[in-house]
Amino acid sequence: MKTWFKSTAGLMLAATLVLSGCGTKPAPQEAANGGSKPAETSAGASKKGEKFNIGMVTDIGGVNDKSFNQSAWEGLNEVKKETGANVKYQQSKSDADFIPHLNSYVKDNYNLTWGIGFLMGDAIKTVATQNPKSNFAIIDNVVEAPNVESVTFAEQEGSYLTGVVAGLMTKTNNVGFVGGLEIPVVKRFEVGFKAGVAAVNPNAKVNIIYAAAFDKPDLGKAAAATMFNDGADIIFHAAGATGNGVFNEAKDRVKAGKKVWVIGVDKDQSLEFGDEVTLTSMVKRVDQAVKRVTMDVIDGKFQGGKNVVLGLKDDGVGLPETSKKNVPADVLKKVDEYKEKIVKGEIKVPEK
């Protein structure tokens, strides 16, 4: 059983979502706003999604967070490419933007409106309740409403595997975790990571810092500097764009001749920050989850009132194939062993 995602992971996840039902740069905003002509097939026939309008509201991390907002946007752009659907995002600068952005899509009769991130929960609940004939979906939170489909992930399971990597590879017995806001979804990352480290290296110290923001790279850089100065040689972050600062600090140290590592989150962040500082990443297939639910709307199969939870058994979370570049084969073998135990239920990873 391989730990990293194979090329079929997206298909497996799609199948899971139907049954139950960690890239590239975002497309330019003008192309995403539905202002272009409907896509056509090579024969000139219109694609099935050309009459569908899909909206997405980011949380305060923004669509270029190199994390889950960006992954969600990439999923919508896959839908646009394949079906001709018009897709658009609105970026939130604060939580005060959530409801106005959501309502703007409702006003324009969009077929589906996405709220990306735990912080969007209350706003989605409010707007969905006020507009029972509109369809909504949310990532990383559960909203109990008949017109909302919720998608959450077992982040603790994938984070446990990153903890196994960190625990086996630290040379200082000192590792760190940088979180954004201290909310349930981020706590699952933290708790899973600590459990994985403890399982393979009970002597390792795990430092925890919450930066209290998802959009402040300078705070992430400062947190990383504190941990590296304290002797940590590996830091796992779950902090959205704040985590970009963790990578920046690691890059500065590597350039100065000190070997430190960062474990990325949500996307395969080695593609953005490079193999010289990215040990591995805890990938959440937000892109495929967004794509699957959106395709259900286009196909007339939307399931409001549902909550889909994706974990290791669904390939909803896990380590990317690029882990092979920096993680030794014997460590990946151990990771596979722990993954199998989690999938079989032999290990129950704590959530909080």
Side-chain angles (χ1 to χ4, degrees), residues 2-4 22 155-179 189-211 220-239 242-283 318-339 341-342 347 349:
K2 296 296 183 184
T3 299
W4 50 84
C22 165
E155 292 90 358
Q156 70 276 8
E157 294 182 353
S159 298
Y160 187 99
L161 301 185
T162 68
V164 170
V165 172
L168 292 175
M169 292 191 65
T170 178
K171 298 184 183 304
T172 63
N173 274 351
N174 188 330
V175 300
F177 174 83
V178 175
F189 283 102
E190 176 204 324
V191 172
F193 179 65
K194 289 193 297 186
V197 172
V200 297
N201 188 353
N203 295 320
K205 174 185 177 183
V206 182
N207 297 287
I208 310 296
I209 294 179
Y210 278 87
K221 194 175 193 303
T226 297
M227 288 183 172
F228 288 140
N229 288 340
D230 191 40
D233 57 350
I234 300 171
I235 295 176
F236 175 37
H237 90 86
T242 297
N244 298 347
V246 177
F247 277 102
N248 293 337
E249 180 64 23
K251 283 191 168 188
D252 289 346
R253 302 218 170 205
V254 169
K255 288 178 182 178
K258 183 176 181 180
K259 194 56 192 174
V260 295
W261 292 107
V262 179
I263 297 175
V265 74
D266 294 334
K267 295 166 58 66
D268 177 1
Q269 293 198 297
S270 69
L271 302 178
E272 179 70 32
F273 296 102
D275 298 323
E276 69 277 5
V277 294
T278 311
L279 182 58
T280 184
S281 297
M282 206 301 278
V283 177
L319 307 188
E321 187 175 355
T322 54
S323 299
K324 296 185 295 185
K325 295 180 180 179
N326 289 321
V327 182
D330 62 328
V331 175
L332 286 176
K333 183 178 179 181
K334 272 292 183 186
V335 170
D336 286 338
E337 291 173 6
Y338 279 100
K339 176 183 178 181
K341 290 179 180 180
I342 294 170
I347 293 176
V349 183

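Counting from 1, the numbers follow the sequence of the chain as shown.
- Atom CG of residue L332 and atom OG1 of residue T280 lie 7.5 Å apart, to the nearest 0.5 angstrom.
- Between F189 and M282 the shortest heavy-atom distance is CE2-CE, 3.3 Å.
- When side chains are defined from C-beta on, N326 does not count as touching M169, because their heavy atoms never get closer than 4.5 Å.
- A pairwise comparison of heavy atoms in F193 and G176 identifies CE2-O, 3.7 Å as the closest pair.
- In this structure, I208 CD1 and K194 NZ are separated by 5.0 Å, a value rounded to the nearest 0.5 Å.
- For the pair W261 and F236, the minimum side-chain heavy-atom distance is 4.5 Å or more.
- With respect to V175, the side-chain contact (heavy atoms from CB on, under 4.5 Å) criterion is satisfied by exactly one of I235, N207, D233, V165: D233.
- Of the charged side-chain nitrogens involved, none lies within less than 4.0 Å of a carboxylate oxygen, so that E337 and K341 do not count as a salt-bridged pair.
- Put simply, CD1 on I209 and CE on M227 are 4.0 Å apart, with the number rounded to the nearest 0.5 Å.
- Here the straight-line distance linking atom CD1 of I234 with atom CZ of F177 works out to 15.0 Å at 0.5 Å rounding.
- Residues E155 and V191 fail the side-chain proximity criterion, which asks for heavy atoms closer than 4.5 Å.
- Rounding to the nearest 0.5 Å gives a distance of 13.0 Å between CG of L168 and NZ of K333.
- Screening K221, E190, H237 against V178 for a side-chain contact (heavy atoms from CB on, under 4.5 Å) leaves a single residue, H237.
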In sequence, state the C-alpha distance, the side-chain angles, and the governing distance for S270 and T278, and then conclude on side-chain hydrogen bond (donor to acceptor under 3.5 Å, both in side chains).
-> CA-CA 5 Å; S270 69; T278 311; 5.5 Å; no

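- The distance from atom NZ of K171 to atom NZ of K259, rounded to the nearest 0.5 Å, is 10.5 Å.
- Using a 4.5 Å heavy-atom threshold, the side chains of V260 and V254 count as touching.
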Please step through side-chain hydrogen bond (donor to acceptor under 3.5 Å, both in side chains) for the pair N173 and N201, ending with a clear verdict.
-> CA-CA 8 Å; N173 274 351; N201 188 353; 2.8 Å; yes

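- Nearest approach of V349 to I342, heavy atoms of both residues: CG2-CD1, 3.7 Å.
- When all heavy atoms of A199 and Y160 are compared, the closest pair comes out as CB-OH, 3.2 Å.
- Two residues are said to be in side-chain contact when any heavy atoms from C-beta on lie closer than 4.5 Å; Q269 and V262 fail this criterion.
- Of the possible donor and acceptor atoms, one in the side chain of S323 sits under 3.5 Å from a partner among the backbone N and O of P320.
- The side-chain heavy atoms of L319 and T162, taken from C-beta on, include a pair separated by under 4.5 Å.
- Classified by interplanar angle (parallel below 30°, tilted 30° to 60°, perpendicular above 60°), the ring pair F273/F247 is parallel.
- Taking each heavy atom of A166 and I263 in turn, the nearest pair found is CB-CD1, 4.2 Å.
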